[in-house]
Amino acid sequence: MVTNINQLDFEQTYSYAEYLTWLFEDRVELHKGKLYKLGSAPGTLHQKTSSNLTGVLCNCFKKNSYNLFSAPFDVRLLDKKKSTNDSEVFTVVQPDLCIICDDNKLDQRGAFGAPDLVIEILSPGNSKKELKYKFDLYEEAGVLEYWIVNPIEKTFFIYVLKNDQFIGLHPLIEEDTITSPLFPQLDFVLEEIFK
């Protein structure tokens, strides 16, 4: 029985089935079976940005029945075989925000399969993970649109999946208007989330 994160070997490969048995409080993710410890609770700026963004998304989607989730919410990303067996799933992430249109991807433990839209908010200490590791995971899993929000710099990056690769759109700054390629109703001025 694993009751302390220190009982785990960060060099070992773990499955979602093993992840489910851990009884410690630390928040972790699995990236292709490798353990990634999530930092301490997000700071005030991160939380304000997330809250403001959630409000904007809810307002834009009030006429749609899309599912909006915020961390901590487990998303099991499937490998090329698309296996949903717990012992064959090796990637579990907790995006800051995600939108899932297909109710069949949801169960009582979270989501399995790529969300339609994933939003990650950068914080000091997590930038490398969001900009490199998660970018690759989301691209490989088939996330259709990926947003990276930097609340310190007040910048916004959108990536759209085309032919199994993310294509970056022009970077946006605070006074720009964002229009989502996937969800045209997501059309707002970025300063709304950077207040």
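We count residues from 1, following the sequence as given.
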Chi angles and distances behind the side chain to side chain contact (heavy atoms under 4.5 Å, CB included) call for Tyr14, Leu8: CA-CA 9 Å; Tyr14 296 99; Leu8 299 174; 3.6 Å; yes
Strictly under 6.0 Å, is that where the ring centroids of Phe135 and Tyr159 end up? yes
Go through the steps for Leu161 and Val143 under the test side chain to side chain contact (heavy atoms under 4.5 Å, CB included), then give the verdict. CA-CA 7 Å; Leu161 196 67; Val143 170; over 6 Å; no
Can you find a pair of side-chain heavy atoms, one from Cys58 and one from Leu68, that are under 4.5 Å apart? yes
Going by heavy atoms in the side chains, are Gln185 and Tyr66 under 4.5 Å from each other? yes
According to side chain to side chain contact (heavy atoms under 4.5 Å, CB included), who are the partners of Glu153, at least two apart in sequence or on a separate chain? Asn150, Thr155
Common cluster, Phe10/Leu30, ILVMFWY with side-chain heavy-atom separation under 4.5 Å: yes
Residues Lys37 and Asp26 bridged, charged N to O under 4.0 Å: yes
Treating Gln12 as the side-chain partner and Asp9 as the backbone partner, does any N or O pair qualify as donor plus acceptor under 3.5 Å? no
Evaluate the criterion side chain to side chain donor-acceptor pair (under 3.5 Å) for residue pair Glu120 and Tyr138; output intermediate values, then yes/no. CA-CA 11 Å; Glu120 294 286 4; Tyr138 293 148; 2.6 Å; yes
Can we say Arg109 and Asp86 salt-bridge, meaning some charged N sits less than 4.0 Å from an Asp/Glu carboxylate O? yes
Pairwise distance CG(Leu57) to CZ(Phe188) - rounded to 0.5 angstrom: 6.0 Å
Side-chain contact test, heavy atoms from C-beta onward, threshold under 4.5 Å: evaluate it for Gln94 versus Val75 and give yes or no. no
State, without any angle test, whether Tyr16 and Glu88 hold a side-chain donor-acceptor pair at a distance under 3.5 Å. no
Under 4.5 Å between any side-chain heavy atoms of Phe194 and Val149, yes or no? yes
Quick one about Thr3 and Gln7 (side-chain donor to acceptor, distance below 3.5 Å, no hydrogens or angles considered), yes or no? yes
What about Ile193 and Ile173, same hydrophobic cluster or not, with Ile/Leu/Val/Met/Phe/Trp/Tyr joined at side-chain heavy-atom distances under 4.5 Å? no
Restricting to pairs with a member in residues 162-178, which pass side chain to side chain donor-acceptor pair (under 3.5 Å), not counting sequence neighbours? none
Is it true that Ile167 and Leu186 fall in one hydrophobic cluster, defined by side-chain heavy atoms closer than 4.5 Å? no
Short side-chain to backbone donor-acceptor contact, Asn67 and Ile100, under 3.5 Å: yes
Compute whether any side-chain donor of one residue and acceptor of the other, for Asp96 and His46, lie under 3.5 angstrom apart. yes
Cluster overlap Ile121 with Ile152, hydrophobic side-chain contacts below 4.5 Å: no
Would you say Leu137 and Ile148 are hydrophobically clustered, going by side-chain heavy atoms of ILVMFWY under 4.5 Å? yes
Any chance NZ of Lys34 has more than 12 other-residue heavy atoms, nucleotides or ligands included, within less than 6.0 Å? yes
Do Glu29 and Leu38 touch side chain to side chain, with heavy atoms closer than 4.5 Å? yes
Would you mind reporting whether Val160 and Leu169 have side-chain heavy atoms less than 4.5 Å apart? yes
Short side-chain to backbone donor-acceptor contact, Ser51 and Gln47, under 3.5 Å: no
Pair Asp74-Tyr19, side chain to side chain contact (heavy atoms under 4.5 Å, CB included): steps then yes or no: CA-CA 11 Å; Asp74 282 347; Tyr19 171 95; 2.8 Å; yes
Any side-chain to backbone donor/acceptor pair from Lys105 onto Ala114? Under 3.5 Å, distance only. yes
Is the shortest side-chain heavy-atom distance between Ile5 and Trp22 below 4.5 Å? no
Thr91 side chain to Leu77 main-chain N or O, any donor-acceptor pair under 3.5 Å? no
What verdict does the side chain to side chain contact (heavy atoms under 4.5 Å, CB included) test give for Leu97 and Phe69, after you've listed the backbone C-alpha separation in whole Å, the side-chain angles of each residue and the deciding distance to 0.1 Å? CA-CA 6 Å; Leu97 296 164; Phe69 297 98; over 6 Å; no
Tell me whether Lys134 is salt-bridged to Glu139, with the criterion being a basic N under 4.0 Å from an acidic carboxylate O. no
Side chains of Trp147 and Ile178, heavy atoms from C-beta outward: is any pair under 4.5 Å? yes
Hey, mind stepping through Lys154 and Glu191 against salt bridge (charged side-chain N to carboxylate O under 4.0 Å, His left out) and telling me if it holds? CA-CA 8 Å; Lys154 297 184 179 179; Glu191 67 183 357; over 6 Å; no
